[in-house]
Amino acid sequence: MKKWAFVSDFDGTISKKDFYHLVLEKYFEEGQALYKQWKSGKIKDIDFLRQVFTSIHQEESQIIEDIHSLEIDEHVPSFIRKVQSQGGDFYILSAGTDYYIHHILGQYAITGVEVYSNEGYYEEKNVHMNIDPEHPHHSERYGIDKSKVLTDLKKEYETIYFAGDSEPDSHPAKVADITFAMKALQDILKENNTPHIEVNDFIDIEQHLLRLGVLR
C-alpha cells in the first residue's frame with residue numbers, strides 16, 4: 001500500500017472560477033434562469049452542465065483560448081511538484097469535465113496527475129460529455145460519484161488528503177482522512193458535522209501539511 005495521496009477538486013478550488021461561469025458570462029446569458037433552476041434543485045448538476053457546455057457555439061481554438069484565460073491558484077503548480085517529490089501522488093477529482101482540465105494542466109506543464117472526471121470532447125462547436133451509466137463511479141446527479149472514487153483510492157493509500165469548495169465535495173469529504181475546505185464547503189461541512197480544516201488557498205494547505213510533517 002502506498003503512503004499518501006492528495007486529491008483536489010478543480011473548479012473553484014484549483015481554478016479561481018468555475019468553467020461553467022465563464023460560459024454563462026460569455027456565451028449563454030439566458031442560462032441564468034437555468035442556473036436558478038439548478039440551484040433550487042429542480043434539475044440535476046449533470047443536466048445543467050450539459051446544457052451550458054453545449055451552448056458555447058465556438059470554434060475549438062476559441063474555446064481553448066477561453067479555457068486558458070481561467071485563472072488558477074498561482075501556488076498549485078509548485079504545490080503539486082512538492083507533493084510528487086515528497087512521496088505523494090496528486091489527483092484531480094471533478095464533477096465537471098476532463099476536457100478543460102487537461103488543457104489547463106498542459107498550459108502549466110503539470111505532469112503526472114491523474115484526472116477523475118466526466119469524459120469531455122469537442123464536437124460541432126461545443127463541449128459534450130460522455131456519461132457511462134455502467135461505470136463503477138457513475139452518479140445520476142453528478143455524472144461521477146466523488147465518494148466512490150475516494151473509496152477506491154483509499155484501498156491503495158494509507159492516507160488520503162482532499163480539498164474542495166462546494167456541495168459536490170461534501171460527499172468525498174466524509175471518506176477522506178483529512179479534508180481541506182474552501183468557500184461554501186466550510187459551512188456545509190459544519191452543518192453536517194463533518195471534520196475539516198478551513199483554508200483559503202493552497203498556501204494555507206501547504207502550511208498545514210508542513211505542520212503535520214507530511215511535507216517538509
Side-chain angles (χ1 to χ4, degrees), residues 1-15 18-20 38-50 52-53 73 76 79-80 83 88-102 105 113-120 129-199 202 204-205 208-209 212 214:
M1 186 175 268
K2 299 179 193 174
K3 193 79 175 166
W4 65 284
F6 195 100
V7 182
S8 177
D9 168 56
F10 185 80
D11 290 270
T13 302
I14 288 177
S15 70
D18 290 49
F19 180 61
Y20 74 77
W38 167 51
K39 281 298 184 183
S40 66
K42 290 177 183 172
I43 58 173
K44 295 173 187 171
D45 297 59
I46 198 66
D47 294 330
F48 167 72
L49 292 181
R50 267 190 173 128
V52 172
F53 294 162
D73 181 323
V76 165
F79 178 81
I80 292 174
V83 166
D89 290 328
F90 194 96
Y91 294 87
I92 290 173
L93 178 57
S94 169
T97 166
D98 62 3
Y99 176 79
Y100 55 83
I101 294 171
H102 285 304
L105 292 178
V113 171
E114 190 168 347
V115 178
Y116 286 95
S117 185
N118 296 306
E119 182 186 346
M129 288 190 283
N130 182 25
I131 307 297
D132 178 9
E134 301 303 314
H135 195 284
H137 296 151
H138 175 70
S139 160
E140 276 192 30
R141 179 176 175 185
Y142 304 109
I144 184 170
D145 187 322
K146 291 187 172 188
S147 58
K148 286 181 181 175
V149 174
L150 246 67
T151 299
D152 279 353
L153 285 174
K154 281 196 80 169
K155 296 170 188 173
E156 299 178 40
Y157 295 92
E158 290 177 20
T159 308
I160 297 282
Y161 301 93
F162 175 68
D165 77 306
S166 59
E167 193 281 331
D169 301 315
S170 64
H171 310 287
K174 294 172 184 173
V175 181
D177 294 292
I178 293 179
T179 295
F180 297 100
M182 301 179 189
K183 303 172 186 171
L185 184 61
Q186 297 176 351
D187 288 334
I188 295 168
L189 296 185
K190 273 183 204 164
E191 286 170 22
N192 296 338
N193 293 316
T194 303
H196 62 283
I197 297 170
E198 295 190 359
V199 294
F202 275 83
D204 285 353
I205 293 172
H208 278 286
L209 292 179
L212 290 169
V214 180

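Residue numbers count from 1 along this sequence.
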Any chance you could measure [X], atom [atom1], to [Y], atom [atom2], to the nearest 0.5 Å?
| X | Y | atom1 | atom2 | result |
| --- | --- | --- | --- | --- |
| Asp45 | Lys39 | CG | NZ | 8.0 Å |
| Arg141 | Lys44 | CZ | NZ | 10.5 Å |
| Leu185 | Phe162 | CG | CZ | 7.0 Å |
| Asp204 | Ile197 | CG | CD1 | 10.5 Å |

At their closest point, which heavy atom of [X] faces which heavy atom of [Y], and how far apart are they?
| X | Y | result |
| --- | --- | --- |
| His138 | Ile131 | CE1-CG2, 3.5 Å |
| Thr97 | Gly120 | OG1-CA, 3.0 Å |
| Ser117 | Ser94 | OG-O, 3.0 Å |
| Ser8 | Phe6 | CB-CE2, 4.0 Å |

### Query
Ring centres of Phe10 and Phe19 under 6.0 Å apart?
no
#### Entry: Qualifying side chain to side chain donor-acceptor pair (under 3.5 Å) pairs, either residue in residues 190-199, two or more places apart
Lys190-Glu198
### Step-by-step side-chain contact (heavy atoms from CB on, under 4.5 Å) determination, Met182 to Ile205
CA-CA 10 Å; Met182 301 179 189; Ile205 293 172; 3.9 Å; yes
### Task
Mind running side-chain contact (heavy atoms from CB on, under 4.5 Å) on Val214 and Thr159 for me, showing each step along the way?
CA-CA 10 Å; Val214 180; Thr159 308; over 6 Å; no
### Task
For side-chain contact (heavy atoms from CB on, under 4.5 Å), just list the numbers for Asp89 and Tyr157, CA-CA rounded to whole Å, side-chain angles, deciding distance to a tenth of an Å, and then say yes or no.
CA-CA 9 Å; Asp89 290 328; Tyr157 295 92; 2.5 Å; yes
#### Entry: Listed partners of Asp152 passing side-chain hydrogen bond (donor to acceptor under 3.5 Å, both in side chains), at least two apart
His137, Lys155
### Task
State which residues pass side-chain hydrogen bond (donor to acceptor under 3.5 Å, both in side chains) with Glu119; sequence neighbours excluded, sorted by chain then number.
Asn130
### Aromatic plane relationship, His208 with Phe180 - under 30° parallel, 30 to 60° tilted, over 60° perpendicular
tilted
### Query
Above 12 or not: heavy atoms from other molecules or residues under 6.0 Å from CD of Glu156?
yes
Who pairs with [X] by side chain to side chain contact (heavy atoms under 4.5 Å, CB included), at least two apart in sequence or on another chain?
| X | result |
| --- | --- |
| Lys183 | Asp165 |
| His171 | Tyr142, Ser147, Glu167 |
| Lys154 | Ile160, Val175, Asp177 |

Is any side-chain heavy atom of [X] closer than 4.5 Å to a side-chain heavy atom of [Y]?
| X | Y | result |
| --- | --- | --- |
| Ser170 | Leu189 | yes |
| Leu153 | Tyr116 | yes |
| Ile92 | Leu105 | yes |

### Message
I'd like to check the salt bridge (charged side-chain N to carboxylate O under 4.0 Å, His left out) partners of Glu114; sequence neighbours left out, ordered by chain and number.
### Response
none
### Query
Partners of Lys42 by salt bridge (charged side-chain N to carboxylate O under 4.0 Å, His left out), sequence neighbours excluded?
none
#### Entry: Qualifying salt bridge (charged side-chain N to carboxylate O under 4.0 Å, His left out) pairs, either residue in residues 4-13, two or more places apart
Asp9-Lys146
### Task
Give the C-alpha distance, both sets of side-chain angles, the deciding distance and a yes or no for side-chain contact (heavy atoms from CB on, under 4.5 Å) between Leu93 and Ile144.
CA-CA 9 Å; Leu93 178 57; Ile144 184 170; 4.2 Å; yes
Residues that [X] engages under ring-ring contact (aromatic ring centres under 6.0 Å, His included), provided they are two or more places apart:
| X | result |
| --- | --- |
| Tyr99 | His103 |
| Trp38 | Tyr20, Tyr35, Phe48 |
| Tyr161 | Trp4 |

Just by modelled atom types, is the [Y] backbone N or O under 3.5 Å from a matching donor or acceptor in the [X] side chain?
| X | Y | value |
| --- | --- | --- |
| Asp73 | Phe202 | yes |
| Glu140 | Pro133 | no |
| Asp187 | Ala184 | no |

